[in-house]
Amino acid sequence: MLLNKTQKILISIIIFRLISWFIVRTYFIADEYWQTFEIAHSLAFGYGYKTWEWKSNIAIRSYLYPFIISLIYRFLALFHLDTASILINSATLFQTLLAIIGDLVYLKFLQGHKLIFLILLCRFSCWYTMYSSPRLIINNLEEILFICSLAVAKNYRSSSNILFHLFVSLSFIIRPTSAIPFVIIYPYLLYKTSNRLKFLFQAFICFILLNIFNILLDSYMYNQWTFVPLNFLYINFFHPNSISSHYGINNILWYLTNGLPMIFFYRLPFIFFGSISNKRLTIIILFTILIYTLNKHKEFRFLTQILPILFILEAHGIDWCLKKFKLNKFRWIIFISFIGHLFIGFYFSLIDRQGQISVMYYLRKNLINNNNNKEIFSIDFLMPCHSTPYYNFIHRNDIQLNFLTCEPNLDNITNDYIDEADQFFLKPIESLKNRLNNYNSSHLIMFDLLYNQVKDVLEEEQWFFVKDILFNSHIQHTSRHGKMIYILERR
């Protein structure tokens with residue numbers, strides 16, 4: 001039996017997502033591991049590292065998503081399937097399934113659109129779609145909920161808008177800044193709906209009920225009454241020490257000069273062309289970026305939520321160019337641009353920064369699992385903070401792990417505050433000697449940049465020898481992240 005066009009698209013989407021889930025084996029950002037994996041592991045097995053965001057007096061993260069992942073872990077543990085590899089892959093497979101659901105809803109949302117195929121092509125040929133979707137980053141969940149809310153919003157004249165309000169409220173719970181585009185969408189839907197009072201009442205009820213549920217969950221987890229969205233907004237936008245800027249300050253035009261270009265590369269002009277004829281969507285995009293711009297700290301992943309709209313604009317821009325330049329050569333340029341993005345996606349998913357993940361597999365396979373002499377391992381990661389995953393990728397509570405912390409200045413004690421990682425890299429040789437005296441480490445993990453600075457000390461004192469060297473990246477991403485990773489073992 002021959003498949004129709006819709007069935008072929010669905011199968012293609014599922015195959016694409018599963019391939020993405022299978023090949024993504026590189027490091028992206030710390031939040032993927034330290035804000036989801038590690039917290040879920042701690043909830044399920046009672047050990048794991050909780051960063052400063054999860055302290056009860058800070059409490060800027062909701063436990064909702066990590067709690068769901070921890071249920072998967074506990075289920076696997078019931079059947080003694082809780083090996084590190086299964087835990088990792090089951091969590092990313094769960095996120096992949098959520099991404100597939102989001103894709104199916106996006107397909108439904110686009111039904112009837114004259115450029116539906118081109119929009120899907122823009123989405124699934126984008127390198128970032130392949131690279132990011134299977135990762136346990138809260139921004140991916142934001143995007144899925146945003147897609148669901150858009151799909152439901154198409155029927156704003158229906159008798160009930162409860163689903164729309166539920167998706168918006170849930171999105172707000174997991175990340176308060178996800179409410180930004182709805183500042184534009186909500187008034188528009190309110191204006192269009194026939195029963196405005198009912199619309200507002202349903203919005204109020206959904207928001208209150210879901211937030212009460214989340215307050216109860218987070219309050220239980222934090223052992224005190226907690227409203228995470230309020231804490232999140234205070235710490236990131238109103239704290240006197242500008243906490244978010246501790247992790248980097250970017251200029252006011254960063255999203256236009258760096259953020260969008262990083263995601264779309266040479267396809268960015270198509271978005272500008274497409275925005276000319278799509279004023280409503282463009283207003284949502286510009287308003288969202290404007291609000292994000294107010295925060296000193298910026299990351300291109302923050303734009304993940306509005307990507308579904310950006311792909312629509314990109315498709316319209318390509319369509320405009322195809323009509324404007326009626327040349328076969330231009331069609332080939334478009335085709336090559338899609339293929340080029342896929343190659344970029346494969347590179348970043350398989351190769352770039354692979355060592356920051358493979359070092360954990362190495363430790364688990366070559367050191368910990370082959371420990372026939374029952375040695376006590378204490379592994380010290382002398383890298384920029386959160387450069388690798390942590391206990392979730394080891395899944396052993398008899399192994400002592402240490403790393404250089406980078407907590408911001410939360411207590412307002414001093415204006416010249418320097419976190420532990422910065423202190424270490426300011427005087428690496430002196431800091432290393434002090435650290436070796438304080439920690440009885442069996443192994444050290446560091447980038448080649450640090451190793452070249454301290455190798456003379458290690459050789460003179462004959463403390464450690466190089467056990468192995470792992471490839472990390474062809475590109476040196478920062479002044480402290482190297483291209484190779486050194487694994488050193490105590491003599």
Side-chain angles (χ1 to χ4, degrees), residues 24-42 47-55 58 60-61 65-66 69 84 88 91-92 131-132 135-140 175 235-236 243-249 297-302 348 352-364 379-395 399-410 417-426 428 431 435 439 441 443-447 449-450 470 472-473 476-482 485-487:
V24 171
R25 292 293 182 270
T26 53
Y27 182 94
F28 178 23
I29 55 167
D31 280 12
E32 176 183 0
Y33 309 101
W34 295 78
Q35 306 297 344
T36 308
F37 270 118
E38 197 68 14
I39 303 303
H41 189 274
S42 177
Y47 66 97
Y49 190 94
K50 291 184 178 181
T51 56
W52 63 271
E53 294 97 329
W54 300 91
K55 293 180 179 179
I58 304 296
I60 64 171
R61 304 290 187 191
Y65 188 45
I69 302 299
I88 296 164
T92 54
Y131 177 71
S132 174
R135 300 179 185 273
L136 270 64
I137 306 171
I138 205 67
N139 307 97
N140 290 332
R175 191 172 177 84
I235 290 293
N236 283 287
I243 298 302
S244 63
S245 63
H246 178 75
Y247 297 102
I249 298 176
H297 177 66
K298 302 172 180 66
E299 297 181 39
F300 71 87
R301 68 181 173 97
F302 294 163
F348 282 112
D352 187 65
R353 303 176 83 179
Q354 63 171 265
Q356 291 170 246
I357 301 299
S358 62
V359 67
M360 305 305 291
Y361 290 102
Y362 178 93
L363 293 174
R364 196 170 69 237
I379 303 169
D380 201 0
F381 294 85
L382 301 180
M383 314 168 97
C385 67
H386 311 138
S387 290
T388 67
Y390 216 49
Y391 276 105
N392 187 85
F393 277 57
I394 297 293
H395 194 49
I399 308 298
Q400 178 64 44
L401 302 181
N402 299 297
F403 73 101
L404 300 171
T405 61
C406 56
E407 294 187 356
N409 184 11
L410 298 167
Y417 172 83
I418 302 177
D419 64 47
E420 183 183 34
D422 285 341
Q423 289 180 32
F424 181 92
F425 285 104
L426 282 174
S431 299
R435 198 165 180 91
Y439 295 95
S441 303
H443 294 82
L444 302 178
I445 313 297
M446 62 182 71
F447 287 111
L449 298 172
L450 177 62
L470 303 180
N472 182 52
S473 174
Q476 183 180 322
H477 287 266
T478 72
S479 60
R480 295 176 182 176
H481 289 86
I485 292 178
Y486 278 70
I487 302 171

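Remember, predicted model here, so these are calculated numbers, not experimental data.
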Practice item. Starting at CG of N236, measure out to CD of E53 and round the result to the nearest 0.5 Å. Key: 9.0 Å
Review point. To the nearest 0.5 Å, how far apart are OG in S431 and CD in E420?
Key: 9.0 Å
Point to revise | Sidechain-backbone polar pair: T26 side chain, R353 backbone, donor-acceptor under 3.5 Å | key: no
Practice item. Taking the side chain as every heavy atom from C-beta outward, state whether T405 and C385 have any atom pair closer than 4.5 Å. Key: no
Point to revise | Sub-4.5 Å side-chain heavy-atom contact between T388 and I445 | key: no
Review point. Does the side chain of F447 reach to within under 4.5 Å of the side chain of Q356, using non-hydrogen atoms?
Key: yes
Study note, to complete from the structure: dist I485:CD1 -> N472:CG (nearest 0.5 Å) comes out at 4.0 Å
Check your understanding: Taking only residues two or more places apart in sequence, or in another chain, which ones meet F403 in a ring-ring contact (aromatic ring centres under 6.0 Å, His included)?
Key -> W34, Y49, H386, Y390
Point to revise | Side chain N140, main chain S132, donor-acceptor under 3.5 Å | key: yes
Revision key, fill the gap. For S387 and Y27, the nearest pair of non-hydrogen atoms, with its separation, is O-CE1, 3.4 Å
Review point. Which pair of non-hydrogen atoms, one from G48 and one from Y391, has the smallest distance, and what is that distance?
Key: CA-CD1, 4.0 Å
**Study point:** Point-to-point distance, once rounded to the nearest 0.5 Å, from CZ of F424 to CE of M383
**Key:** 11.5 Å
Point to revise | Shortest non-hydrogen contact between E299 and I29, atoms and distance | key: OE1-CG2, 4.4 Å
Check your understanding: Do R301 and I137 have side-chain heavy atoms sitting under 4.5 Å apart?
Key -> yes
Review point. At what distance, to the nearest 0.5 angstrom, does CD1 of I487 lie from CG of L363?
Key: 5.5 Å
Check your understanding: What class does the angle between the rings of F393 and F37 fall in, given that below 30° is parallel, 30 to 60° is tilted and above 60° is perpendicular?
Key -> perpendicular
Review point. Between N392 and I88, is any pair of side-chain heavy atoms under 4.5 Å apart?
Key: yes
Review point. Can any side-chain N or O of T36 pair as donor or acceptor with the backbone N or O of L136 at less than 3.5 Å?
Key: yes
Exercise for review: Could you walk me through whether Y439 and L444 pass side chain to side chain contact (heavy atoms under 4.5 Å, CB included), step by step?
Suggested key: CA-CA 11 Å; Y439 295 95; L444 302 178; over 6 Å; no
Check your understanding: Is NZ or CZ of R61 both nearer than 6.0 Å to the six-membered ring centre of Y65 and within 45° of the ring axis?
Key -> no
**Study point:** Derivation and outcome, salt bridge (Lys or Arg N to Asp or Glu O under 4.0 Å), residues R135 and D31
**Key:** CA-CA 10 Å; R135 300 179 185 273; D31 280 12; over 6 Å; no
Check your understanding: Are any non-hydrogen side-chain atoms of R480 and D422 less than 4.5 angstrom apart?
Key -> yes
Practice item. Take F381 and L404, measure what side chain to side chain contact (heavy atoms under 4.5 Å, CB included) needs, and give me the verdict at the end. Key: CA-CA 7 Å; F381 294 85; L404 300 171; over 6 Å; no
Review point. Are side-chain heavy atoms of R25 and Q354 found at a separation under 4.5 Å?
Key: no
Revision key, fill the gap. Separation between CG (L470) and CE (M360), nearest 0.5 Å, reads 12.0 Å
Review point. Any side-chain heavy atom of S479 within less than 4.5 Å of one from F425?
Key: no
